[in-house]
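Heads up, the thing below is written out as structure tokens.
Source: prediction; values computed, not measured. Just so you know, ligand 1 is whichever comes first in the structure, and atom 1 is the first atom listed for that ligand. Only this structure's heavy atoms are used, side chains among them; waters, hydrogens and symmetry mates stay out.
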Amino acid sequence: MRILVVGATGLLGSEIVKLLAAEHDIVTASRKGSDLHVDLSDKRSIESMYTQTGTLDAIVCAAGSAKFAPLATLADEDFSFSLANKLMGQVNLVRCGAAHISQGGCFTLTSGVLAQQPMEGSAAVSIVNAGVEAFARSAALELRGKARVNVVSPGWVAETLESMGRDPSQGVPAAIVAQAYKRSLGGSASGEVIDAS
Ligand SMILES: NC(=O)c1ccc[n+]([C@@H]2O[C@H](COP(=O)([O-])OP(=O)(O)OC[C@H]3O[C@@H](n4cnc5c(N)ncnc54)[C@H](OP(=O)(O)O)[C@@H]3O)[C@@H](O)[C@H]2O)c1
């Protein structure tokens with residue numbers, strides 16, 4: 001399969017690329033340092049990227065930011081940034097990508113455990129993650145017969161906890177989380193949220 005991985009240089013993305021590259025033709029994308037450059041928060045940038053990809057059999061997104069901060073300190077701009085980046089970025093990756101994915105292809109997006117298990121400071125992140133999951137379920141219905149749409153929901157990733165000075169044993173190693181993306185590609189499921197926590 002020819003697979004586009006957006007966020008390929010990141011913690012999860014690099015493990016996804018490592019896992020899939022043995023069996024598939026991988027095209028990497030991120031803002032810098034990948035085969036293709038894209039800014040998820042800019043729909044024109046996504047459209048421009050797709051003009052360079054050719055037809056793809058799968059599109060994986062392991063990118064997207066949202067602001068984590070106490071509700072009282074979140075500014076309008078923080079919500080706008082979060083919605084435009086991790087939510088609409090992934091929505092537009094599917095909207096624009098539908099014309100570039102092969103028959104029976106698969107989109108795999110990324111949400112996160114804060115969609116279902118919020119914590120203090122997660123208001124913007126939780127909205128975005130829940131929105132990605134709701135969108136994927138809905139888009140899966142509309143693209144039925146054309147392409148599948150799934151979401152991987154990671155919990156805390158061990159390496160991220162370690163970089164924050166926290167106990168990595170409370171998280172899941174990135175290489176294990178990457179296997180959830182491979183499961184999305186391989187099965188027949190669509191509209192699924194794959195729990196990788
Ligand atoms: N790590 C965790 O514990 C954890 C837990 C739950 C959910 N998640 C979610 O998993 C996803 C990946 O997390 P990660 O820890 O692997 O992140 P990461 O290490 O920071 O990597 C992010 C990747 O996305 C790219 N990127 C960032 N902003 C972009 C943009 N606007 N347009 C295009 N590419 C962009 C980055 O490269 P450039 O900077 O060059 O663009 C990089 O390749 C995120 O959506 C995150 O919310 C992570």
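Nearest non-hydrogen protein atom to atom 13 (O) of ligand 1 is L12 CD1, 4.1 Å. The protein atom (non-hydrogen) at minimum distance from atom 37 (O) of ligand 1 is T9 OG1, 3.3 Å. The nearest heavy-atom contact from the protein to atom 7 (C) of ligand 1 is S111 O, 3.5 Å. Nearest protein heavy-atom neighbour of atom 39 (O) of ligand 1: R31 NH2, 2.8 Å. Nearest to atom 32 (N) of ligand 1 among the protein's heavy atoms is L40 N, 2.8 Å. G64 O, 3.0 Å is the protein heavy atom nearest to atom 45 (O) of ligand 1. The shortest contact between atom 5 (C) of ligand 1 and any protein heavy atom is with G155 O, 3.0 Å.
Polar contact check, D39 against ligand 1: a nitrogen or oxygen pair lies under 3.5 Å apart. Looking at L11 next to ligand 1, an N or O pair under 3.5 Å apart turns up.
One side chain, D57 or S102, offers a donor N or O that lies under 3.5 Å from an acceptor on the other. Neither side chain, N150 nor T108, offers a donor N or O lying under 3.5 Å from an acceptor on the other.
Salt-bridge annotation for R2 and D25: present, with a side-chain N of the basic residue lying under 4.0 Å from a carboxylate O of the acidic one.
Per-residue contacts place K86 under 4.0 angstrom from the following atoms of ligand 1 (heavy atoms of the residue considered): 9 (C), 45 (O), 46 (C), 47 (O).
Contacts between V157 and ligand 1 below 4.0 angstrom, taking non-hydrogen atoms only, involve backbone and side chain alike.
For the pair C61 and ligand 1, no heavy-atom separation below 4.0 Å is found. Residue contact check for ligand 1: G33 places no non-hydrogen atom closer than 4.0 Å to it.
Closer than 4.0 Å to atom 20 (O) of ligand 1 lies none of the heavy atoms of the protein. For atom 17 (O) of ligand 1, the protein comes within 4.0 Å by no heavy atom at all.
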